[in-house]
Amino acid sequence: MPYLEDDGLVVFESRAIGRYIATKYASSGTPLLPSDLTDANAMALIDQGISIENNNFNPGAEGLFIEKIASKFHGREPNEEFIKSYEAKLTTKMDGFELLLSRQKYIAGDELTLPDLFFLPYGQTVTQLGYDFMTNETKWPNVARWWKAVSTREAWLAVKDGIPAAGISA
């Protein structure tokens with residue numbers, strides 16, 4: 001389970017950590033949250049984007065990770081019925097992402113924000129597993145455009161395969 005200790009605060013869960021870092025260190029690097037955190041409209045779009053990733057993308061992508069990769073570490077074979085179910089679920093959701101991204105550049109609007117980054121770990125995983133959910137320019141051209149913009153950012157490329165100096169590998 002990911003956790004962070006910072007200035008006496010211990011926070012766990014990756015989305016909570018991401019929001020904390022994006023808020024506390026907003027002046028460092030690319031702003032990932034609206035400058036006015038009391039702007040109800042802007043924050044609603046951020047929360048909506050986080051919910052989209054957590055409730056519509058993550059279950060299918062995480063399910064594929066569990067069945068195709070993690071199951072082996074638990075001494076069991078992947079369950080092909082579960083895999084087919086996760087593939088179908090994710091395919092349906094990709095159609096919704098395509099519609100959303102046909103209307104805007106990023107998940108929460110026309111600027112890169114924190115919700116976009118939450119897609120990176122499992123988006124990278126399903127791509128490495130050989131799925132084209134994120135890259136199919138014919139079926140989901142707007143998803144592919146968005147994914148390319150998000151997944152080729154220098155900061156992501158620097159950490160996506162792990163952090164060798166820290167002994168962390170993907």
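Cluster membership for F73 and Y86, using ILVMFWY side-chain heavy atoms within less than 4.5 angstrom, is shared. Cluster membership for L99 and V150, using ILVMFWY side-chain heavy atoms within less than 4.5 angstrom, is not shared. Note on L100 and L45: separate hydrophobic clusters, where clusters join Ile, Leu, Val, Met, Phe, Trp and Tyr whose side-chain heavy atoms are under 4.5 Å apart, directly or indirectly.
Distance check: F97 CZ to L101 CG gives 8.5 Å after rounding to the nearest 0.5 Å. Interatomic distance, CG of D116 versus OG1 of T113, reported as 4.5 Å (0.5 Å rounding). With values rounded to the nearest 0.5 angstrom, T92 atom OG1 is found 11.0 Å from N56 atom CG. Taken from OH in Y122 to OG1 in T127, the straight-line distance is 14.0 Å, to the nearest 0.5 Å. Atom CD1 in I50 sits 12.5 Å away from atom CG in N58 (nearest 0.5 Å). Atom-to-atom distance recorded for E62:CD and I66:CD1 is 4.5 Å, nearest 0.5 angstrom.
The main-chain N or O of I107 is found under 3.5 Å from a side-chain atom of Q104 such that the two form a donor-acceptor pair. The main-chain N or O of K105 is found under 3.5 Å from a side-chain atom of D110 such that the two form a donor-acceptor pair. Within the 3.5 Å criterion, the main-chain N or O of F119 finds no donor-acceptor partner in the side chain of E53.
Across all non-hydrogen atoms, the minimal contact from L90 to G60 is CD2-C, 4.2 Å. Pairing each heavy atom of Y131 with each of I83, the nearest pair is OH-CG2, 3.9 Å. Nearest approach of L114 to A22, heavy atoms of both residues: CD2-CB, 4.2 Å. Shown here for Y106 and A149, the closest heavy-atom pair between the two residues is OH-CB, 4.1 Å. Across all their heavy atoms, F133 and M94 have their closest contact at O-CE, 3.0 Å. Summarising the geometry of P115 relative to I46, their closest heavy-atom pair is CG-O, 3.4 Å, with the distance given to 0.1 Å.
For the side chain to side chain donor-acceptor pair (under 3.5 Å) test, no residue two or more places apart in sequence or in another chain qualifies with T125. Partners of T30 according to the side chain to side chain donor-acceptor pair (under 3.5 Å) rule, which considers only residues two or more places apart in sequence or in another chain, are R153. Evaluation of the side chain to side chain donor-acceptor pair (under 3.5 Å) rule for T38 yields D36 as partners, not counting sequence neighbours. Judged as a side chain to side chain donor-acceptor pair (under 3.5 Å), and not counting sequence neighbours, the contacts of N54 are R15.
Side-chain contact between W147 and L120 is present, with heavy atoms from C-beta onward closer than 4.5 Å. Using a 4.5 Å heavy-atom threshold, the side chains of Y3 and E5 count as touching.
Remark: D7 engages K24 in a salt bridge, criterion side-chain N to carboxylate O under 4.0 Å.
Within the structure, side-chain hydrogen bond (donor to acceptor under 3.5 Å, both in side chains) contacts touching residues 71-85 (residues at least two apart or in different chains) are E67-R76.
Using a 4.5 Å cut-off between side-chain heavy atoms of Ile, Leu, Val, Met, Phe, Trp and Tyr, V11 falls into a hydrophobic cluster with L4, L9, I17, Y20, I21, Y25.
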Stepwise side-chain contact (heavy atoms from CB on, under 4.5 Å) test for M134 and F57: CA-CA 11 Å; M134 313 307 275; F57 180 73; 3.8 Å; yes

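If you check the side chains of D95 and W140, you find a donor sitting under 3.5 Å from an acceptor.
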